[in-house]
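For reference, the structure is listed below as structure tokens.
We name chains A, B, ... by the order of the sequence lines, and we start the count at 1 in each one. Just so we're clear, the structure is a prediction, and the values are computed from it rather than from any experiment. In what follows, every heavy atom counts, from backbone to side chain, and hydrogens, waters and symmetry copies are set aside.
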Protein chains: 2
Amino acid sequence: MHQKRVTLADVAKAAGVSRTTASLVLSDRGDELRISEPVQQRVRQVAAELAYRPNAASQVLRTGLSRTFGFISDTVATSQLAGDMIKGALEGARRHDHMLFIGESEGSEDEQARLIQAMVDRQVDGIVIASMFTRERPVPSGVGRPLVFLNTVPAEPRAQVPVVIPDEIGAGRAAARALLDAGHRKIHLIGAGPTLDDVPPLTIAGRERLEGILQELGGAGLEPASGRRCGIWLPEDGWRATAALLRSGVADGAILCFNDRLALGAYQAIQEAGFRVPQDFSVVSFDDHQLAGWLRPGLTTVALPHYELGRRAIDALLAPAAAAAGVERVPMPLRARGSIAAPGAAADAH
Amino acid sequence: MHQKRVTLADVAKAAGVSRTTASLVLSDRGDELRISEPVQQRVRQVAAELAYRPNAASQVLRTGLSRTFGFISDTVATSQLAGDMIKGALEGARRHDHMLFIGESEGSEDEQARLIQAMVDRQVDGIVIASMFTRERPVPSGVGRPLVFLNTVPAEPRAQVPVVIPDEIGAGRAAARALLDAGHRKIHLIGAGPTLDDVPPLTIAGRERLEGILQELGGAGLEPASGRRCGIWLPEDGWRATAALLRSGVADGAILCFNDRLALGAYQAIQEAGFRVPQDFSVVSFDDHQLAGWLRPGLTTVALPHYELGRRAIDALLAPAAAAAGVERVPMPLRARGSIAAPGAAADAH
DNA sequence: AGGCGTTGCTAACTCGGTTTAGCTCGACGG
DNA sequence: CCGTCGAGCTAAACCGAGTTAGCAACGCCT
């Protein structure tokens with residue numbers, strides 16, 4: 001099956017030159033080392049005719065550079081979000097003419113260590129350690145290659161690792177601002193809040209989104225009208241919290257969900273209670289899950305820039321160490337769809 | 001940054017033996033080539049103390065085996081389905097102690113050729129060519145490595161490529177059977193049908209699912225009560241088709257959607273028209289998108305076994321060529337949730 | 001004529017493993 | 001006392017590139 005590959009020696013022989021000459025020409029150092037133009041042309045032509053391709057293993061062995069990156073995430077399958085992050089990383093790798101190894105640690109430090117080891121054995125030029133939701137992780141030691149944390153914050157405060165994370169505080173502000181701009185003053189939080197103490201544990205996104213929200217509301221002299229913390233942010237949690245909110249007598253206003261899955265639950269509860277989005281309730285949330293575009297009406301949401309995150313993480317691997325160390329916050333853009341209306345829209349319509 | 005790695009020569013010197021001996025011991029050929037037990041122990045201990053790791057590039061160069069597979073899909077990000085497939089492939093690779101390169105061709109044959117080239121340059125031991133929805137693709141030539149088509153059918157009928165695809169016909173039967181078993185006789189198709197001519201172009205899944213449905217209905221002496229072909233299978237298409245169905249006067253029965261996104265649209269149309277799932281309409285579909293578990297009621301759907309597909313594709317890469325050539329159909333299991341009830345359930349409830 | 005610089009190319013070493021062929025030493029048989 | 005055999009190990013070749021040091025031929029200058 002493995003047919004014989006054409007080697008540099010084959011090209012050299014066919015072109016009637018030494019391996020050295022062939023190597024120099026094909027790595028574009030021919031001019032630098034004064035190989036005559038006719039010889040260069042001949043070598044190039046022969047190489048093309050024989051469809052010569054250098055053996056990467058050999059280049060790696062000699063140069064120590066593999067044109068390869070590693071990408072380790074704690075879980076790949078959670079959603080298309082992970083896919084987008086990988087997609088961004090792939091594009092980043094492509095731009096630098098690298099290939100990408102991927103691995104999944106399932107959250108296990110042992111498995112992660114195994115993957116790092118396997119990648120380092122293969123001489124990767126750098127490794128991205130990614131999480132699917134923003135959280136703290138210890139920095140693996142003794143890797144000996146450039147390392148970047150993606151959507152992940154080093155557990156050690158003074159760690160010298162470049163970090164790429166979404167700007168969740170800005171996102172919180174943007175979500176709140178969208179509702180304020182529409183004229184809303186009664187804003188109910190689903191997922192966390194109303195105060196900074198009411199945040200699910202371990203989630204950095206939750207805390208920072210809430211910070212941003214409170215900042216922006218505070219700037220307008222407001223506080224959340226209510227807030228309900230959910231331990232996990234699944235649709236059913238959003239449904240439950242929203243149903244409780246409606247049962248408490250709230251009949252209109254704005255609902256700010258901490259992610260799109262919660263918002264799906266909110267939609268369901270609102271519809272089941274006979275209210276409508278956006279006439280009775282404006283809804284806004286975070287993530288820009290694929291789902292957001294599928295709901296009726298489309299869900300306005302602050303997008304997690306997964307693609308950008310992936311791409312920038314790869315770029316950070318190649319940045320000079322001095323420039324790279326530090327936290328890069330990638331902006332989260334608002335995706336306006338149809339779930340926000342001015343308050344009182346339902347009354348106006350009558 | 002790249003600290004000096006410990007090499008085999010270092011281990012050999014520290015253990016006071018030759019590189020040959022160290023190599024033999026560490027590749028477990030020590031007994032075979034009669035290296036004495038004390039020497040073996042010393043070599044192993046020194047290797048462990050120095051944290052010796054063989055340089056994969058060098059092994060690849062010598063042996064031609066890289067312990068690496070390639071996985072090329074046409075698109076990664078479409079949904080978590082792709083993620084599951086990759087996850088399965090990762091698990092498959094892990095079991096064989098391989099790493100996984102991934103690449104995305106975006107549907108371009110040129111880009112795919114580039115990726116194959118880059119992977120072959122890196123001496124991968126095999127390549128999986130995957131599609132995110134089942135379709136025909138030409139078989140790349142001259143790869144010189146084992147190749148497996150995943151969720152992809154060779155355009156050339158006589159191509160010698162192992163193929164791993166989901167059993168869509170069985171899935172069609174299972175979906176229809178689930179409705180028949182609940183007592184339904186009036187089954188409306190959303191996405192394709194009512195006859196085999198009414199299938200969106202290029203989608204093998206559509207044709208085969210329909211075949212299975214028609215087979216199973218035919219076995220019960222039935223035909224679809226109606227069928228609506230949709231060019232694309234997005235929620236909005238499902239919403240439009242279902243809304244049209246309801247406007248035509250249909251007020252109860254069973255709706256069989258060709259995928260979960262269409263089913264989401266169907267849910268929306270049903271709810272907006274004031275009907276309920278499953279009391280007025282039973283709904284069943286295909287894919288087991290994450291969404292299916294989030295809907296209220298949960299959507300009963302025939303799952304695409306993406307994880308299994310990915311895993312088996314990797315296994316097929318390592319199967320002996322004779323055994324591997326041919327089509328492997330992976331079963332699609334029914335995920336029963338709450339969207340199917342007996343017909344007339346709404347009337348009974350009154 | 002001899003020395004010097006330039007042009008154009010190559011021999012030989014290197015990376016870090018695997019593998020083949022063979023060497024050395026002691027025991028044993030005849 | 002010599003030859004043979006097996007145990008236990010190693011020298012050296014090899015995989016396919018990149019890289020360093022330097023050689024041969026030629027022209028030019030003095």
Side-chain angles (χ1 to χ4, degrees), chain A residues 2-44 46-47 50-68 120-123 125 144, chain B residues 2-44 46-47 50-68 120-123 125 144:
Chain A
H2 289 211
Q3 66 227 26
K4 188 81 178 65
R5 287 179 63 104
V6 175
T7 72
L8 186 60
D10 298 333
V11 173
K13 190 192 292 179
V17 298
S18 69
R19 265 173 34 235
T20 307
T21 303
S23 172
L24 291 173
V25 171
L26 295 178
S27 52
D28 285 326
R29 297 184 52 202
D31 289 336
E32 182 188 336
L33 273 108
R34 306 177 310 238
I35 307 295
S36 67
E37 196 47 43
V39 169
Q40 292 208 30
Q41 283 187 14
R42 190 145 36 86
V43 170
R44 278 188 229 278
V46 168
L50 298 183
Y52 166 70
R53 301 245 81 212
N55 183 326
S58 159
Q59 293 178 313
V60 173
L61 182 56
R62 184 64 231 250
T63 64
L65 298 173
S66 61
R67 299 193 148 305
T68 290
V120 171
D121 287 351
R122 286 168 177 77
Q123 311 276 105
D125 297 332
Chain B
H2 289 212
Q3 66 227 26
K4 188 83 179 66
R5 287 177 63 103
V6 175
T7 71
L8 186 59
D10 298 333
V11 174
K13 191 191 292 179
V17 298
S18 69
R19 259 166 47 230
T20 308
T21 302
S23 172
L24 292 174
V25 171
L26 295 177
S27 52
D28 284 326
R29 297 182 53 200
D31 290 336
E32 182 189 338
L33 273 109
R34 309 175 309 238
I35 308 295
S36 68
E37 195 47 42
V39 169
Q40 293 208 30
Q41 282 186 15
R42 189 147 34 87
V43 170
R44 279 187 230 279
V46 168
L50 299 181
Y52 166 70
R53 299 248 81 211
N55 182 327
S58 157
Q59 295 178 311
V60 173
L61 183 57
R62 184 63 229 243
T63 64
L65 298 173
S66 61
R67 299 194 147 303
T68 290
V120 171
D121 286 351
R122 286 168 177 76
Q123 312 276 101
D125 296 332

Sub-3.5 Å pairs of nitrogen or oxygen atoms, protein against nucleotides 5-8 of chain D:
residue : atom : partner  : partner atom : Å
dG8(D)  : N7   : Arg34(B) : NE           : 3.4
dG8(D)  : N7   : Arg34(B) : NH2          : 2.9

Closest listed nucleotide, where the reference is the side chain of Gln59(B) and the choices are dC15(C), dT18(C), dT19(C): dT18(C)
Validation row: Arg42(B), Val39(B) side chains within 4.5 angstrom (heavy atoms): yes
Distance-only donor-acceptor test (3.5 Å): side chain Arg19(B), base dG17(C): yes
Nearest listed nucleotide, side chain of Arg62(B), among dT19(C), dA11(C), dT19(D): dT19(C)
Donor-acceptor under 3.5 Å (Ser27(A) side chain, Ser23(A) main chain): yes
From dG16(D), dT18(C), dG17(C), nucleotide with atom closest to Thr63(B) side chain: dT18(C)
Separation of atom CG in Asn55(A) from atom P in dG16(C), rounded to whole Å: 17 Å
Rounded distance in Å - CG (Asp10(A)) to C1' (dC15(D)): 13 Å
Sugar-phosphate, base or nothing in reach of Leu8(B), heavy atoms under 4.0 Å: base
Sequence-distant partners of Gln59(B), side-chain hydrogen bond (donor to acceptor under 3.5 Å, both in side chains), two or more places apart: none
Closest listed nucleotide, where the reference is the side chain of Thr21(B) and the choices are dC9(D), dA17(D), dG18(D): dC9(D)
Short side-chain N/O contact from Tyr52(A) to OP1 or OP2 of dA17(D), under 4.0 Å: yes
Distance below 4.0 Å between Arg29(A) side-chain N/O and dT19(D) OP1 or OP2: yes
dT10(D) OP1/OP2 closer than 4.0 Å to side-chain N/O of Thr20(B): no
Separation of atom CG in Leu24(A) from atom P in dT10(C), rounded to whole Å: 10 Å
4.5 Å side-chain heavy-atom contact, Val25(B) and Arg44(B): yes
Between CZ on residue Arg19(A) and OG1 on residue Thr7(A), distance to nearest 0.5 Å: 8.0 Å
Interatomic distance where CG belongs to Leu65(B) and P belongs to dT18(C) [whole Å]: 12 Å
Side-chain donor/acceptor of Arg53(A) to backbone N/O of Asp121(B), under 3.5 Å: no
Rounded interatomic separation in angstrom, taking CG from Leu61(B) and P from dG16(D): 7 Å
Qualifying residue, where the test is side-chain contact (heavy atoms from CB on, under 4.5 Å) with Thr21(A) and the options are Leu33(A), Leu26(A), Ile35(A): Ile35(A)
Spacing of Arg67(A) atom CZ relative to dA17(D) atom P, expressed in whole Å: 15 Å
Exam field: side chain Arg122(B) to backbone Arg67(A), donor-acceptor pair closer than 3.5 Å: yes
Any Thr7(A) side-chain nitrogen or oxygen under 4.0 Å from OP1 or OP2 of dG16(D): no
d(CD, Gln40(A); C1', dG8(C)) in whole Å: 11 Å
Rounded interatomic separation in angstrom, taking CZ from Arg53(B) and P from dC15(C): 21 Å
